[in-house]
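As structure tokens, the structure follows; a few thoughts come after it.
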Amino acid sequence: MKICVTSTGPTLDAPVDPRFGRCQYFVIVDSETMEYEAMPNPSIGASGGAGIQAAQTVSGKGVSAVVTGNLGPNAVQTLTAAGIEMVTGAGGTVRDAVERYKSGGLSQTTSPTVPEYSGLGGAGAAAGMGGGRAVGRGGVGRGMGRGMGRGMGRGMGIGIGAPATPTAPAPPVRTRDEEIQALESQLEEIKAKLEELKK
């Protein structure tokens, strides 16, 4: 069985990248033999639709399952349409994730585990994409966001209707090492984007 694991590097001993659409690498592993192929994620720098593009990429590789930390709504929709099993909550190395998958130690999902655009700000942050507006449903919202300082407004909008409800579960709690790894990965993305913009 071919399993795609999101990774920060091109080997079985590389740490799992908790993002899907904007992960550094896809490591495609034969779960029987542990033979693998690693490929850089061509969608990592996409301005939008990274989850869809990433799902199409792994679908084209004939994988039966995707093992990652989190999945956004666009990736879930595309992977579901392709008939690919989605498994979240992975951590450790790619090798660890494959072993945990084989032993049933990871959670299969059929719905997103993070909101849209979460990969832009990394680790479940909404990247300040809403201009700081609070789309509240029952009061005044401050709309401060967790978009790494990119949200510009205070979002003092008045909502109508039912009380506010969360739109997605909170991101999983990470260890200190996993947090450092995620931040280093984000730093590399930011450097690459800066170089691209300077051209």
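What's counted below: heavy atoms across the whole structure, side chains too, no hydrogens, waters or symmetry copies.
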Would you find more than 12 non-hydrogen atoms of other residues, nucleotides or ligands less than 6.0 Å from Q108 atom CD?
yes

Would you say that V67 contacts V98 through its side chain, given a criterion of any heavy-atom pair below 4.5 Å between the two side chains?
no

To the nearest 0.5 Å, tell me how far E35 CD sits from T33 OG1.
4.0 Å

Nearest atoms (heavy-atom pairs only) where A90 meets A97:
CB-CB, 4.1 Å

If you look only at pairs with a residue in residues 52-67, which of them pass as a side-chain hydrogen bond (donor to acceptor under 3.5 Å, both in side chains), with sequence neighbours excluded?
E37-K61

Minimum heavy-atom separation for G72 to P112, with atom names?
C-CB, 3.8 Å

Of all heavy-atom pairs linking G21 and A54, the shortest is CA-CB, 3.8 Å

Any side-chain heavy-atom pair from V87 and T109 closer than 4.5 angstrom?
no

Could you report the tightest heavy-atom contact between A55 and A75, atom names first, then the distance?
CB-O, 4.2 Å

side-chain hydrogen bond (donor to acceptor under 3.5 Å, both in side chains): pairs with one or both residues in residues 84-95, sequence neighbours excluded
D13-R95, E85-Y101, T93-D96

Tell me every residue that passes side chain to side chain contact (heavy atoms under 4.5 Å, CB included) with E99, counting only those two or more places apart in sequence or in another chain.
M34, K102

Closest non-hydrogen atom pair, A46 against R22
O-NH1, 2.6 Å

Does L106 share a hydrophobic cluster with V16, counting links as ILVMFWY side-chain heavy atoms below 4.5 Å and allowing steps through other members?
yes

Scan for side-chain hydrogen bond (donor to acceptor under 3.5 Å, both in side chains) pairs involving residues 2-11, sequence neighbours excluded, and state none if there are none.
T6-T68

Indicate, with yes or no, if Y25 and V94 share a hydrophobic cluster defined by side-chain heavy-atom contacts under 4.5 Å among Ile, Leu, Val, Met, Phe, Trp and Tyr.
no

Starting from I44, walk the hydrophobic network (Ile, Leu, Val, Met, Phe, Trp, Tyr; side-chain heavy atoms closer than 4.5 Å) and list everyone else you reach, by chain and number.
none

Taking transitive links into account, so neighbours of neighbours count too, which hydrophobic residues share a cluster with V66 at under 4.5 Å side-chain distance?
F20, F26, I28, M39, V58, V63, L71, V76, L79, I84, M86

Is it the case that the side chain of N41 and the backbone of C23 share a donor-acceptor pair, with hydrogens and angles ignored and the cut-off at 3.5 Å?
yes

